[in-house]
Each structure stands twice: as structure tokens, then as C-alpha cells.
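First comes the structure, then the notes that go with it.
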Amino acid sequence: MPELPEVETIARGLAKRVTGDVIEDVWLGEKPEPLKSPAKEIAAALEGKKIEAVRREGKHIVFELVDGRAPEAHAMGRAGIGAARAGTPAPTSKRPLRTGANTTKSSIERAQWVVHLGMTGRLQVCDPSDEVAKHTHAIVRLASGRELRFVDPRRFGRLSVVTSGDFDAGGVEPLDVDLERFVELFRGRKVFIKSALLNQKLLRGVGNIYADESLFRAGIRPRRRAASLTREELMKLHRAIKDVLREAIKAGGSSISDYVDANGEEGFFQLRHRVYGRESEPCPKCKTPIKRVVLGGRSSHYCPKCQR
DNA sequence: ACTATTTCCTGGATGC
DNA sequence: TGCATCCAGGAAATAG
């Protein structure tokens with residue numbers, strides 16, 4: 001299940017492969033679509049756009065799109081001529097701060113395509129001749145001749161577009177948040193700290209795996225009430241979250257279930273999970289068997305001796 | 001304003 | 001072997 005490190009890995013992989021490419025057209029599956037925005041709106045916002053950047057925000061993948069017919073003012077090399085060839089490593093341009101210029105055209109000039117992979121979603125760069133996988137819900141045809149396909153068996157994934165303003169996933173980025181902001185997030189909260197870590201409106205991007213791993217590293221039980229944590233414990237947790245996420249990103253994420261990155265490569269951070277999915281295995285620190293409890297419908301793994 | 005619970009969805013694992 | 005049942009879980013919706 002893609003959480004922050006997996007989504008980061010995927011977004012980076014996609015950025016390498018499709019930045020500078022132009023979306024020619026979009027096919028969206030019928031039926032109960034996993035779409036947050038209406039299909040027509042998505043297609044209209046995407047078609048004719050150039051992919052200027054791909055980035056991650058929380059667990060969302062955000063494609064920054066600009067009008068592909070009218071190259072923006074920034075000197076972006078030779079962007080004007082039709083289809084960018086595959087692998088044009090356009091310099092990762094800074095986030096566009098709202099294009100103030102030329103806003104007189106009737107069509108949308110700038111948009112963000114936002115993809116949430118849910119549990120089992122995948123975004124694959126394919127050759128048109130590749131067999132279309134079961135549960136393919138969207139196919140984006142690119143000017144380079146390739147296709148970007150959204151496949152999601154369990155349909156928890158979501159596609160949407162933002163055509164005015166900037167997408168905001170809510171919450172703060174765990175990798176950026178400073179200690180004071182972090183401490184403030186949990187003040188007065190009666191929920192289990194584990195549940196608070198999963199709340200995307202507080203901290204965005206942490207999911208079940210990394211919540212458990214962070215709490216283990218910080219020596220805190222998942223069932224502790226968020227507000228009961230001492231400042232010292234919060235410092236440890238703040239540190240632990242950043243460490244575990246960074247290490248996981250370095251390892252290419254955790255391949256559990258069917259996660260693979262944009263190139264179909266598996267991550268291997270799951271090998272370094274210390275508690276997640278290790279019920280009754282010995283704690284790596286003290287050998288006490290790892291326990292599993294269910295909190296808010298989520299399984300939570302911890303060492304009863306190391307975590308208080 | 002919060003918190004807790006239910007719902008969505010399918011493939012894989014388990015059990016009889 | 002085959003069928004039914006359970007389980008995983010992110011986030012939105014609903015209820016308290």
C-alpha cells in the first residue's frame with residue numbers, strides 16, 4: 001500500500017519519464033469510476049497539456065500541467081516543437097506560482113492532475129502495444145507515443161483535477177515540519193497517537209506501516225493518547241518519523257501486496273520493518289514477541305516491552 | 001470541534 | 001475441488 005515513501009518513489013520515477021511530454025488524449029473507464037472530478041472535466045483539463053512537473057504531496061501524486069500548445073514564457077529550452085521526445089530531461093522547474101500572465105484565453109491554461117493510489121493503484125508508463133491490464137481505469141496517451149495507465153483493482157484510488165488555485169492535500173509534510181509545529185498538532189487530542197498519525201489532516205503521508213515503525217523507534221505505544229505524550233516523547237517521535245521515512249525513500253519504499261514503482265521495480269524497505277507485519281516475532285531490540293492490536297480498524301504492531 | 005464507526009472494493013488466504 | 005467467509009486498509013461519509 002503506497003504511503004509517503006512509495007508515492008515519493010513513484011512520483012520521482014514518473015517525473016524522470018514523462019516530464020516535458022504532452023497529453024494528447026485521455027480515455028476513462030465507464031462504470032463506477034474512481035473519479036473525484038467528473039470524467040469530462042478530467043479529460044478536458046488534461047488534453048493538450050504539457051506535463052511540466054510531477055511531484056508528491058502527502059500520498060497524492062500531482063502532475064503540474066500547462067498548455068502544451070503555447071509554451072510558457074520561461075526559457076525551457078526548445079519546448080515549442082510538438083512532442084517532446086521520450087526522456088527529454090527538462091530541468092525540473094520550480095513550482096509555478098500561479099501564472100499571472102496571459103490569462104485571456106478561454107481554455108484552461110494550467111491545471112493539476114491529482115492521483116491518489118489508494119491501496120492497490122498503479123501508474124504505469126506503457127507502450128500502446130502492451131496488453132491492457134485488468135482493472136485499467138484510465139489511459140493517457142502521450143505525444144511521445146507512450147501511454148500512462150492507471151490500474152487499480154481495489155478501486156480505492158482517486159483521480160481528480162484542480163483547475164483553479166493550487167491543490168492542497170491538507171495537513172503538514174512530515175519531512176518538513178519543525179518540532180514546534182509537530183508538537184502543536186497533538187495538543188489536546190484524545191485519540192490514540194497511532195490514529196492521530198494516520199489522520200491526513202494533521203500529518204500527510206504517514207500510513208499504517210510507517211506509523212507503526214515510527215512509534216516503535218520512538219518507544220511509544222500506539223494506544224497512548226496523543227495529548228498524553230511528553231515533550232521528550234514528541235521529540236523522539238518527530239525524529240523517528242523523519243528517519244524512517246527518509247530511510248524508506250532511500251530503499252525505494254516497501255513492497256507489500258503489489259506495490260511497484262513507476263518502472264515496475266520493487267522497493268525493499270519491508271525487509272527493514274521492525275514491527276509491522278511481524279506479530280509474535282521477537283522484537284529486534286529485546287526479543288519480546290511483537291504484539292498486534294486493532295485500533296480504529298487498523299492493525300497496530302508494537303513491542304510491549306520497548307514501547308510504553 | 002472532535003472523535004468513533006461504517007462504507008467502499010477485490011484478490012488472496014483460510015476453512016469446511 | 002469448490003464455495004463461502006474473512007481480511008487488508010485510506011479516506012470520505014455518517015453518527016455520536
Side-chain angles (χ1 to χ4, degrees), chain A residues 1-11 28-38 56-62 114-123 132-138 150-160 162 167-174 184-215 222-229 241 245 248 253-260 266 269-270 273 275-280 290-302:
Chain A
M1 52 239 59
E3 301 181 26
L4 187 151
E6 292 76 33
V7 178
E8 178 69 29
T9 303
I10 292 165
L28 296 165
E30 335 76 33
K31 308 294 160 48
E33 296 136 312
L35 307 178
K36 266 168 95 177
S37 316
R56 175 196 62 77
E57 187 165 325
K59 295 176 195 170
H60 301 262
I61 297 169
V62 182
V114 182
V115 179
H116 192 295
L117 298 172
M119 293 276 299
T120 53
R122 280 160 19 222
L123 272 174
V132 175
K134 201 178 170 185
H135 305 300
T136 296
H137 306 302
F150 176 65
V151 183
D152 182 18
R154 229 167 286 184
R155 289 173 170 269
F156 274 20
R158 292 291 178 265
L159 305 182
S160 60
V162 175
F167 172 70
D168 180 7
V172 296
E173 274 293 329
E184 198 54 43
L185 294 177
F186 305 106
R187 181 153 298 160
R189 301 220 171 242
K190 292 177 187 157
V191 286
F192 300 130
I193 183 62
K194 167 67 183 281
S195 304
L197 291 178
L198 295 180
N199 183 346
Q200 304 296 297
K201 293 281 172 273
L202 299 177
L203 212 54
R204 65 189 186 211
V206 176
N208 209 32
I209 296 174
Y210 298 103
D212 280 4
E213 293 297 311
S214 300
L215 287 169
R223 226 197 280 269
R224 286 279 300 283
R225 299 287 166 176
S228 79
L229 300 197
I241 290 170
L245 293 176
S254 303
S255 280
I256 286 208
S257 147
D258 45 11
Y259 161 76
V260 286
E266 296 195 347
F269 193 71
Q270 67 279 8
H273 291 174
V275 289
Y276 182 84
R278 298 196 184 280
E279 182 181 10
S280 68
I290 298 301
K291 287 191 80 167
R292 186 180 83 95
V293 292
V294 176
L295 303 181
R298 301 286 168 271
S299 56
S300 304
H301 312 74
Y302 69 99

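- Between A:His60 and the phosphate of C:dG10, there is no side-chain N or O to OP1/OP2 separation shorter than 4.0 Å.
- Across residues 187-200 of chain A, A:Arg189, A:Lys190, A:Val191 each have a non-hydrogen atom less than 4.0 Å from an atom of DNA chain B (numbered order).
- Legend: residues meeting side chain to side chain donor-acceptor pair (under 3.5 Å) with A:Glu173, ordered by chain and number and at least two apart, are A:Arg56, A:Arg204.
- A straight line from CG of A:Leu295 to C1' of B:dT3 spans 14 Å, rounded to a whole angstrom.
- Residues forming a side chain to side chain donor-acceptor pair (under 3.5 Å) with A:Lys59 (at least two apart in sequence, or on another chain): none.
- Ring-plane geometry between A:Phe150 and A:His137 is classed as tilted, the angle between the planes lying from 30 to 60 degrees on a 0 to 90 degree scale.
- Formation of a donor-acceptor pair under 3.5 Å by the A:Thr136 side chain with backbone atoms of A:Val151 is not found in this model.
- Set against C:dG10, B:dC9, B:dG11, the side chain of A:Asn208 has C:dG10 as its closest nucleotide.
- Of the listed nucleotides (B:dC9, C:dG10, B:dA4), C:dG10 has the atom at the smallest distance from the side chain of A:Glu3.
- Helix bend of the helix from B:dC2-C:dG16 to B:dC16-C:dG2: the angle between its two end axes, each built from five pairs, comes to 50° after rounding to 10°.
- Checking C:dG9, B:dG11, C:dA12 against the side-chain heavy atoms of A:Lys134 singles out B:dG11 as nearest.
- Between A:Leu202 atom CG and B:dC2 atom C1' there is a gap of 11 Å when expressed in whole angstrom units.
- For A:Asn199, the side chain to side chain donor-acceptor pair (under 3.5 Å) criterion is met by no residue, not counting sequence neighbours.
- The shortest heavy-atom contact between A:Ser299 and A:Asp212 is O-OD2, 3.7 Å.
- Contact annotation: A:Lys59 reaches the phosphate of C:dA11 (side-chain N/O to OP1 or OP2, under 4.0 Å).
- Between the CE atom of A:Met119 and the P atom of B:dT7 there is a distance of 18 Å, given to the nearest Å.
- In this structure, A:Phe156 counts as stacked on the base of C:dG10 under the 5.5 Å centre distance and 30° plane angle limits.
- Legend: residues meeting ring-ring contact (aromatic ring centres under 6.0 Å, His included) with A:Phe186, ordered by chain and number and at least two apart, are A:Phe182.
- Across the protein-nucleic acid pair, A:Arg155 atom CZ and C:dA12 atom P stand 18 Å apart, rounded to whole Å.
- Separating the NZ atom of A:Lys201 from the P atom of C:dA13 is a distance of 10 Å, rounded to the nearest angstrom.
- Evaluation of the salt bridge (Lys or Arg N to Asp or Glu O under 4.0 Å) rule for A:Arg223 yields no partner, not counting sequence neighbours.
- Partners of A:Arg189 by side chain to side chain contact (heavy atoms under 4.5 Å, CB included), not counting sequence neighbours, listed by chain and number: A:Val191, A:Leu202, A:Ala226.
- If you take NE2 of A:His116 and C1' of C:dA12, they are 11 Å apart, rounded to a whole angstrom.
- Annotation: side chain to side chain contact (heavy atoms under 4.5 Å, CB included) contacts of A:Ala227 (sequence neighbours excluded): none.
- Nucleotide C:dG9 holds its P atom 8 Å from the CD1 atom of A:Ile209, rounded to whole Å.
- Within 4.0 Å (heavy atoms only), A:Arg204 reaches no atom of the nucleic acid at all.
- A close approach under 4.0 Å does not occur between any side-chain nitrogen or oxygen of A:His135 and OP1 or OP2 of B:dT10.
- Taking atom CZ of A:Arg223 as the reference point, atom P of B:dT3 lies 17 Å away to the nearest angstrom.
- Listed by chain and number, the residues in a side chain to side chain donor-acceptor pair (under 3.5 Å) with A:Ser300 are A:Lys194 (sequence neighbours excluded).
- Counting only heavy atoms from C-beta outward, the side chains of A:Leu245 and A:Pro174 approach each other to under 4.5 Å.
- Residues forming a side chain to side chain contact (heavy atoms under 4.5 Å, CB included) with A:Val162 (at least two apart in sequence, or on another chain): A:Gln112, A:Val114, A:Phe167.
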Got a list of protein N/O to nucleotides 3-7 of chain C N/O distances below 3.5 Å?
none

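- Between A:Arg154 and B:dG11, a side-chain N or O to OP1/OP2 separation shorter than 4.0 Å is absent.
- One finds a side-chain N or O of A:Tyr276 lying less than 4.0 angstrom from the OP1 or OP2 phosphate oxygen of C:dG9.
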